[in-house]
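Naming: A, B, ... by sequence-line order, numbering from 1 per chain.
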Amino acid sequence: MNLLLAAESCPPENPNCFHVPTLEELFEFAPLFGEGLFAFNRVSLLYVLAAIIVCALFIAALRNPTIVPGKLQGIVEGIVGFVRDQIALEVIGPAGLKFVPFLTALFMFIFVNNFYEIMPLVQLPSTGRMAVPAFLAFTVWCVYLVVGAKEQGIIGFWKNALLGIEMPAAVRIIYIPVEFAQLLIVRPLTLAIRLFANMMAGHILLAVIFIAANAFLIGFHGEFAINFKALPIGLVALAAGPAMVAFELMVGALQAYIFTILAAVYIAGSVHADH
Amino acid sequence: MEGDISAIGQGLVYGLGAIGPGIGIGFLVGKAIEAMARQPEAAGMVRTTMFLGIAFVEALALFGFVLAFIVGG
Amino acid sequence: MNALLLAAEGGSEGGSGLSIILPAAAELVYGAISFVIVYFVLAKFAFPKLNAMLEERSSAIQGRMEEAERTRREADEVKSQYQAQLGDAKGEANRIIEEAKQTAESLRRDIVAKAEAEAQAIVSRAQNEVANERDRALQELRSEVGALSVQLASKIVEKELDPAAHQHLVDEYIQKLSRTN
């Protein structure tokens, strides 16, 4: 607590004074231009940039596709092959082939937005803002409801989902509202929150680690002063930094994969009655 | 740093919310590793299912994480 | 550290928690536009091209395999043809050798026969000549001996015999001689 008291003793007028960033400072950005619905801030810039990156990658790789693939085309084919074989075909089956573009778009868009978290000069996971996770979860929600209605009929879909499994009547009384809520509310909510909260937590984690390393190694007042009491903590934080970055890279890739595979699982439940 | 009781509430919400999923994920991964060790040829399928299970369980912990902000707010 | 952060989160502003976890309207707009663009670029541009290329690739592989199969079959055909030709050539060679052997054999036989015949002819001619010579010599000898013996006899006997009786005597004598011979 001595260290923190030292921080407190810094006069608040000093702009170099140590202070823990608030969540607003970490996640909310003033618009660069525009206002109201079209206020364009840093997160919006990252979204648009992600779209440009993904589109550019796919266009560059597949503008003139050759039978013997080049390096870039090989990478893109690998990504598409992964989504097609490991996600669409594995989870949905042959009917999943027509969802491959949608699932690939989900995977790539989420992955790039997650990757911002550890990308030098950016270091802000734009999926750590609720906008894109919420929108993607909403899109998946629409897709699996529409597909379910199309494949099984609106009534058939709900009948299969709520009454499809044999169970005692007493259990069914509980099961029906739970399953109803799960289909309409819980699925999209968990889908959005899982991605958003993982990336937000990751960003907070990295921010804490690096702020700690900075504060404990360099000093709380913005000017360099070696503090032997603080040094061990600073070194631990510094050592933890790269490990955390690697961990967050894994988390980012894993979350993109999990979002995509869950979308596929939900769509599969709509395509086949027995889910 | 003046005393704010909501900070304790936030901590409790997330901390308590993480207990169940923590135990759950522990069980889940342990069992999955057991299954992979017994049948290495089924490892791919087990791993996919394990990640799905983790995703479902983890969502509960993340609810706690998000709820902490709501409580704090 | 966590308590510190959470304290800051809970901080003096208040009412911030919910705004952090709800989507900001403006970001939602840009995020939605971005994802829709990504989806349409992938679905309308990238995947048709990719699928066309994959189709082309599989047909190309199919074509290559068929071509390889055809080439293999052609090679097989050529090989069997070649082998047949080789067999023909071997037979031909054998036949030629056989023929040559036969020719040589018949030539040899001819030559030997001719040589034998010639030798025979020479031998018989020589025999003939020898026989003729002998006959003539015998003849000459006979007449010579006759004349000589007549001379001798006439000289010894000094008496002229008539030539016919004479000749008869001589012949008898020679006959006797040749019999004893």
When rounded to the nearest 0.5 Å, the distance separating CZ of C/F35 from CD1 of A/I110 is 7.5 Å
*asked:* Counting only heavy atoms from other residues, nucleotides and ligands, does the tally under 6.0 Å from CD of A/E35 exceed 12?
replied: no
Cut-off 4.5 Å, heavy atoms of chain C, and the answer for A/L136 is side chain
Between the CD1 atom in C/I33 and the OH atom in A/Y47, the distance rounded to the nearest 0.5 Å is 12.5 Å
Ranking A/V76, A/L45, A/L106, A/T139 by heavy-atom pairs under 4.5 Å to chain C gives rank one to A/L106
When the 4.5 angstrom heavy-atom criterion is applied to A/S126 and chain C, the contacting part is neither
Applying a strict 4.5 Å limit to non-hydrogen atoms, the region of A/R84 in contact with chain C is side chain
Does C/R64 CZ have over 12 foreign heavy atoms under 6.0 Å away? no
Rounded to the nearest 0.5 Å, the OG atom of C/S34 sits from the CG atom of A/L46 at a distance of 10.0 Å
Practice problem: Just do the ring pair (Phe, Tyr, Trp, His ring centres under 6.0 Å) check on A/F58 and C/F45 with the steps written out, would you? | Solution: CA-CA 9 Å; A/F58 274 77; C/F45 172 79; 9.7 Å; no
Under a 4.5 Å heavy-atom criterion, the part of residues 94-103 of chain A in contact with chain C comprises A/V100, A/P101, A/F102
**Request:** Might you confirm whether atom CD of C/Q120 has over 12 heavy atoms from other residues, nucleotides or ligands at distances under 6.0 Å?
**Result:** no
- [ ] Please indicate whether A/F82 has more than 12 foreign heavy atoms, meaning atoms of other residues, nucleotides or ligands, lying under 6.0 Å from its CZ.
- [x] yes
Tightest non-hydrogen contact, residues C/M53 and A/T66, listed as SD-O, 3.5 Å
dist C/I20:CD1 -> A/E24:CD (nearest 0.5 Å) comes out at 5.0 Å
Applying a strict 4.5 Å limit to non-hydrogen atoms, the region of A/A134 in contact with chain C is side chain
Here the gap from A/F109 atom CZ to C/L42 atom CG, rounded to the nearest 0.5 Å, amounts to 11.5 Å
Rounded to the nearest 0.5 angstrom, the CD-CD1 distance for C/E56 and A/I67 is 4.0 Å
Okay, A/F138 and chain C: the region with an atom under 4.5 Å from a heavy atom over there is neither
Against chain C, residues from residues 191-202 of chain A with at least one heavy atom under 4.5 Å, in numeric order, are A/F196, A/M200
Cut-off 4.5 Å, heavy atoms of chain A, and the answer for C/I61 is neither
Looking only at C/I37, C/V36, C/L54, C/L28, most heavy-atom pairs under 4.5 Å shared with chain A are made by C/L28
Whatever's closer than 4.5 Å to a heavy atom in chain C on A/P69 counts as both
Nearest heavy-atom contact between C/L22 and A/M130 is C-CB, 3.8 Å
So, the part of C/V38 with a heavy atom under 4.5 Å from chain A: the answer is both
Okay, C/A25 and chain A: the region with an atom under 4.5 Å from a heavy atom over there is both
Closest non-hydrogen contact found for C/A24 with A/A131 is O-CB, 4.4 Å
Do the non-hydrogen side-chain atoms of A/V43 and C/Y30 ever get within less than 4.5 Å of each other?
no
Applying a strict 4.5 Å limit to non-hydrogen atoms, the region of C/Y39 in contact with chain A is both
In terms of heavy-atom pairs under 4.5 Å with chain C, the winner among A/N113, A/I59, A/V132, A/I211 is A/I59
